[in-house]
Amino acid sequence: MIINDIIEKLIKTHRLTIEEFEILLSHKDNEDVKDILRREALSLRHKYYGKKVFIRGLIEFTNYCKNNCLYCGIRRDNCNANRYRLTHEEILECCRDGYELGYRTFVLQGGEDPYFTDERLVELISAIKKQYSDCAVTLSFGERTRKSYELLKNAGVDRYLLRHETADEVHYQKLHPKEMSLTNRKRCLQDLKELGYQVGAGMMVGSPGQTLDLLAKDLYFLQQLEPHMVGIGPFIPHKDTCFADKNPGSIQLTLMLLSIVRIILPKVLLPATTALGTLDLQGREKGIMVGCNVVMPNLSPTVHRKDYALYDNKISTGEESAQSIANISERVKSIGYEIVKERGDYAN
Ligand code: SAH
């Protein structure tokens, strides 16, 4: 099948086979192909979300982690990481600051810190939902049991982010310690969906050993799973990990993947990620211009920001929350889009 037929099929049916995705991706350096994808992505994005960009206040509430993902700067074995954990009061203060700044979604993200048991999380989430009943709460706290996801959903969590990282078993094992498995990752995503969460999956682009056929598998996986949110960012090395000397992922390929994801999942909530903004100072604007409709400025206390270092040189680590949002609002406006102070749920 030639590339024009593949693009036509993609635009018409929003679906491709793995082989077709692979052919499409092999045109990653073809500007005409990327331009067609970008235009289609933007037209779908405008159809469902107009020029709106939703903001999520990111609260990085702990960097303790029992996992040892090979790419991640807060992995268990990194003894150079300066560990911290916010108290319930500190987390509620972040929400209070965020609410005043106009956030109506709080994203609680952390390393998989066993201190935060179901009981503690339920107490925390109930308190947030009680005080900010017009806000959505998103949790990004790794793999848990179905029972735990159920308790958290009942406590009021609306959305859950759990990137699948890679949809290929062999590649998954190269990025993760042996006690982790793609099977369990998929089980978590399935459980979250069945329990009624708005679910987010996604992958890093350019993780060590990744090839285009693996990214084709990721796209196919996303097409089948139909998540409400997709997080895609370039891999960026961290100096204290096994991948310290690996190359970062490609911005251009990340942008192409973002526009393809917008086409296969037209209503998806698609963040222009911090990793994209770290590798390219205009990265988040570029993301919005290929179909992204979400940004996630940092709401964590300034003193801890530099310690939530998943990768090197992460942006906004020295800023106050008010500065972060003022800065991103200005940038979004300059490219003709508009930050809105809404919950920003999945379009129905
Ligand atoms: N413990 C949670 C949150 C992980 S951090 C969980 O497991 O879901 C959120 C995301 O950051 C990860 O899913 C991963 O895709 C991304 N990430 C981690 N290290 C990274 C790196 N070195 N470069 C780019 N992205 C990275």
Side-chain angles (χ1 to χ4, degrees), residues 56 58-78 81 83 85 107-116 121 138-144 148-149 152 157 159-167 171-172 174-177 179-182 184-189 191-192 197 199-210 215 218 222 227 229-251 253-254 257 271-280 283 296 298 300 307-315:
R56 318 300 196 198
L58 183 62
I59 306 172
E60 297 156 335
F61 69 107
T62 173
N63 72 352
Y64 283 88
C65 194
K66 67 174 159 66
N67 276 338
N68 218 10
C69 307
L70 275 68
Y71 45 83
C72 184
I74 62 169
R75 65 200 301 265
R76 181 183 70 220
D77 284 356
N78 180 8
R83 304 286 171 179
R85 175 184 292 134
V107 179
L108 301 182
Q109 189 182 84
E112 295 185 40
D113 178 357
Y115 171 86
F116 286 98
L121 284 172
T138 305
L139 203 56
S140 172
F141 201 46
E143 299 177 7
R144 306 184 71 81
S148 171
Y149 288 145
L152 297 170
V157 181
R159 313 186 186 125
Y160 204 102
L161 301 176
L162 185 74
R163 291 189 180 176
H164 65 284
E165 313 295 359
T166 170
H171 191 228
Y172 192 93
K174 288 185 185 152
L175 300 180
H176 297 96
E179 63 273 17
M180 291 177 75
S181 72
L182 180 58
N184 195 49
R185 204 77 174 174
K186 287 184 178 169
R187 187 274 304 160
C188 290
L189 287 165
D191 282 347
L192 290 162
Y197 282 92
V199 176
M203 66 280 189
M204 285 176 290
V205 179
S207 56
Q210 186 186 59
L215 283 170
D218 286 321
L222 291 171
M229 307 172 280
V230 173
I232 298 182
F235 160 76
I236 304 175
H238 184 287
K239 60 180 174 14
D240 297 321
T241 62
C242 332
F243 295 150
D245 58 354
K246 301 291 182 196
N247 291 322
S250 151
I251 295 285
L253 183 56
T254 305
L257 288 159
T273 57
T274 309
L276 194 57
T278 295
L279 211 51
D280 178 334
M296 300 170 70
N298 205 316
S300 311
D307 294 326
Y308 197 82
L310 306 177
Y311 44 80
D312 290 333
N313 305 318
K314 191 162 155 251
I315 49 169

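For ligands, and for the atoms within them, numbers begin at 1 and follow the listed sequence.
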Report task. Could you please spell out the steps behind the side chain to side chain donor-acceptor pair (under 3.5 Å) verdict for N78 and R75? Result -> CA-CA 6 Å; N78 180 8; R75 65 200 301 265; over 6 Å; no

Report task. Evaluate side chain to side chain donor-acceptor pair (under 3.5 Å) for N68 paired with D77, printing each intermediate quantity in order. Result -> CA-CA 7 Å; N68 218 10; D77 284 356; 2.8 Å; yes

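Few gaps surround NZ on K186; more than 12 heavy atoms of other groups in view lie less than 6.0 Å from it. Sparse packing is recorded around CG of N313, with 12 or fewer heavy atoms of other residues, nucleotides or ligands lying under 6.0 Å away.
Seen from the ring of Y64, R85 counts as a face-on cation partner, given the 6.0 Å and 45° thresholds.
The aromatic rings of F61 and F116 sit perpendicular, their planes meeting at an angle over 60°, well past the 30° parallel limit.
Here the shortest heavy-atom distance to atom 7 (O) of ligand 1, taken over H164, M180, K66, E112, belongs to E112. Compare G110, P248, G111 by their heavy atoms: the one nearest to atom 1 (N) of ligand 1 is in G110.
Checked against V157 for a side-chain contact (heavy atoms from CB on, under 4.5 Å), the options L108, L152, T138, L192 give a single hit: L152.
When ring centroids are compared, F235 and Y71 stay outside the 6.0 Å threshold.
Note: no N/O pair closer than 3.5 Å links Y311 and ligand 1 by distance alone. The N/O atoms of Y308, backbone and side chain alike, include none that comes under 3.5 Å of an N/O atom in ligand 1. Ligand 1 has an N or O atom lying under 3.5 Å from an N or O atom of R163, backbone or side chain. The N/O atoms of L162, backbone and side chain alike, include none that comes under 3.5 Å of an N/O atom in ligand 1.
Residue contacts with ligand 1, taken as heavy atom pairs separated by less than 4.0 Å, involve P234 solely via the backbone atoms N, CA, C and O. Under 4.0 angstrom from ligand 1, the non-hydrogen atoms of R185 all belong to its side chain. Contacts with ligand 1 closer than 4.0 Å are made by side-chain heavy atoms of E165 only, the backbone lying farther away. Counting heavy atoms under 4.0 Å from ligand 1, residue E143 does not touch it at all.
For atom 9 (C) of ligand 1, the closest non-hydrogen atom of the protein is Q109 NE2, 3.5 Å. Nearest non-hydrogen protein atom to atom 11 (O) of ligand 1 is L310 CD1, 3.6 Å. At the top of the distance list for atom 21 (C) of ligand 1, counting protein heavy atoms only, stands I236 O, 3.4 Å. When hydrogens are left out, the protein atom nearest atom 19 (N) of ligand 1 is Y71 CD1, 3.4 Å; that is the closest non-hydrogen contact. Of the protein's heavy atoms, M204 SD, 3.5 Å lies nearest to atom 25 (N) of ligand 1.
Every atom of ligand 1 with a heavy atom of G142 under 4.0 Å away is listed here by number and element: 2 (C), 6 (C), 7 (O), 8 (O).
Look at D113 and K66 and you find no salt bridge, because none of the NZ, NE, NH1 or NH2 atoms lies under 4.0 Å from a carboxylate O.
Contact annotation: P237 has no heavy atom less than 4.0 Å from any atom of ligand 1.
Judged by distance alone, the side chain of N63 and the main-chain N or O of Y308 form no donor-acceptor pair under 3.5 Å.
Across C65 and R83, no two heavy atoms sit closer than the pair N-NH1, 4.0 Å.
There is no protein heavy atom less than 4.0 angstrom from atom 4 (C) of ligand 1.
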